[in-house]
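Values below: every heavy atom of this structure, side chains too, minus hydrogens, waters and symmetry copies.
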Amino acid sequence: MNSKQKLSISLLLIILILSSPLIAEEQETNPPVNQAINICALAIPIMNLYVLSYEYLLADYHGIALRAEIIPLKDSDTGIDGLGSAAVINYRWHPFSRIDSFFVGPYARYRYVTGSGNISGTSFDYSIPEFTLGINAGYRWIFGSSGFNVVMAAGYGYSWREENFSTNTSAIQTAFREFKGANAGTTNFVDAPFYGEFSLGYAF
């Protein structure tokens with residue numbers, strides 16, 4: 001993670017923490033809810049990433065959030081393509097005992113990317129299994145009684161990953177590095193342990 005990304009995450013977390021008590025007091029007039037389903041608002045048009053998430057507030061302070069991702073991959077310059085999928089489980093501690101509040105907690109993500117390519121007449125398949133453990137923090141806002149809600153969150157952790165190739169040559173490795181660079185914003189190939197969320201949805 002570069003210095004700009006670290007600074008952005010730090011500023012987001014500071015804003016969320018400082019705003020929590022002010023917003024929590026205002027939200028006391030809203031009816032309590034304990035479930036929410038969301039889609040990432042910017043993932044599809046900007047990152048070509050399809051994300052669906054669901055959170056359930058188990059009891060007072062403890063929330064469990066589940067997230068599923070579908071990641072189409074393609075690079076016309078290298079001729080490599082693929083498809084990724086990921087599942088995330090996220091424990092969220094809500095200190096204000098509401099789902100519409102500040103939260104913080106650990107997350108675990110398993111991602112699997114597979115695909116194929118043809119470089120200089122050599123066809124190959126590849127697979128990238130990856131497991132990440134990290135911590136994240138964020139805030140969920142619920143607007144009135146409509147149930148419309150917005151979530152912003154950011155986190156970071158540590159990843160274990162492998163890159164497996166059915167055929168491996170220096171030309172394939174060079175092309176694959178270009179492919180990863182072309183899809184870096186979508187798949188977090190560069191900063192794999194990063195977790196980010198800006199989502200819209202319905203709380204009930």
is_close_aromatic(F194, Y156), centroid dist under 6.0 Å: no

I need the [X] [atom1] to [Y] [atom2] distance, nearest 0.5 Å.
X	Y	atom1	atom2	value
S116	D125	OG	CG	5.5 Å
I142	F204	CD1	CZ	10.5 Å
N168	F176	CG	CZ	10.0 Å
T78	I172	OG1	CD1	11.5 Å
S85	I70	OG	CD1	5.5 Å
I71	L49	CD1	CG	5.5 Å

With a 4.5 Å heavy-atom cut-off, do [X] and [Y] have their side chains touching?
X	Y	answer
N136	N90	yes
R92	R140	yes
Y139	M152	no
F124	I119	yes
Y91	H62	yes
R67	V51	yes
K180	E163	yes
V150	F198	yes

If you look at every heavy atom in Y50 and P72, which pair is closest and at what distance? CE1-CG, 3.8 Å

Minimum heavy-atom distance between A203 and V33, given as atom pair plus value: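 So the two residues come closest at CB-CG2, 4.0 Å.
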
Please answer: with hydrophobic residues joined when any side-chain heavy atoms are less than 4.5 Å apart, are [X] and [Y] in the same cluster?
X	Y	answer
L58	V104	yes
L66	Y112	no
W141	L200	yes
Y110	I128	no

Could you list the residues that satisfy side-chain contact (heavy atoms from CB on, under 4.5 Å) with [X], not counting sequence neighbours?
X	answer
P95	W93, F102
N34	Y56, L57
A108	I89, F131, L133

For N149 and N38, which I'm curious about, is there any donor-acceptor pair between the side chains at under 3.5 Å? yes

When you check the side-chain N and O atoms of Q35 and Y54, is any donor under 3.5 Å from an acceptor? yes

List the steps and the verdict of side chain to side chain contact (heavy atoms under 4.5 Å, CB included) for R111 and E69. CA-CA 9 Å; R111 175 186 289 148; E69 304 175 2; 4.0 Å; yes

Main-chain N/O of [Y] paired with [X] side-chain donor or acceptor, under 3.5 Å:
X	Y	value
S146	F148	yes
D81	L73	no
S53	I37	no

Does the ring-ring contact (aromatic ring centres under 6.0 Å, His included) test come out yes or no for H94 and Y61, once each step is laid out? CA-CA 5 Å; H94 294 264; Y61 306 101; 9.3 Å; no

T167 vs Y126, test: side chain to side chain contact (heavy atoms under 4.5 Å, CB included). Steps then yes/no. CA-CA 8 Å; T167 301; Y126 70 89; over 6 Å; no

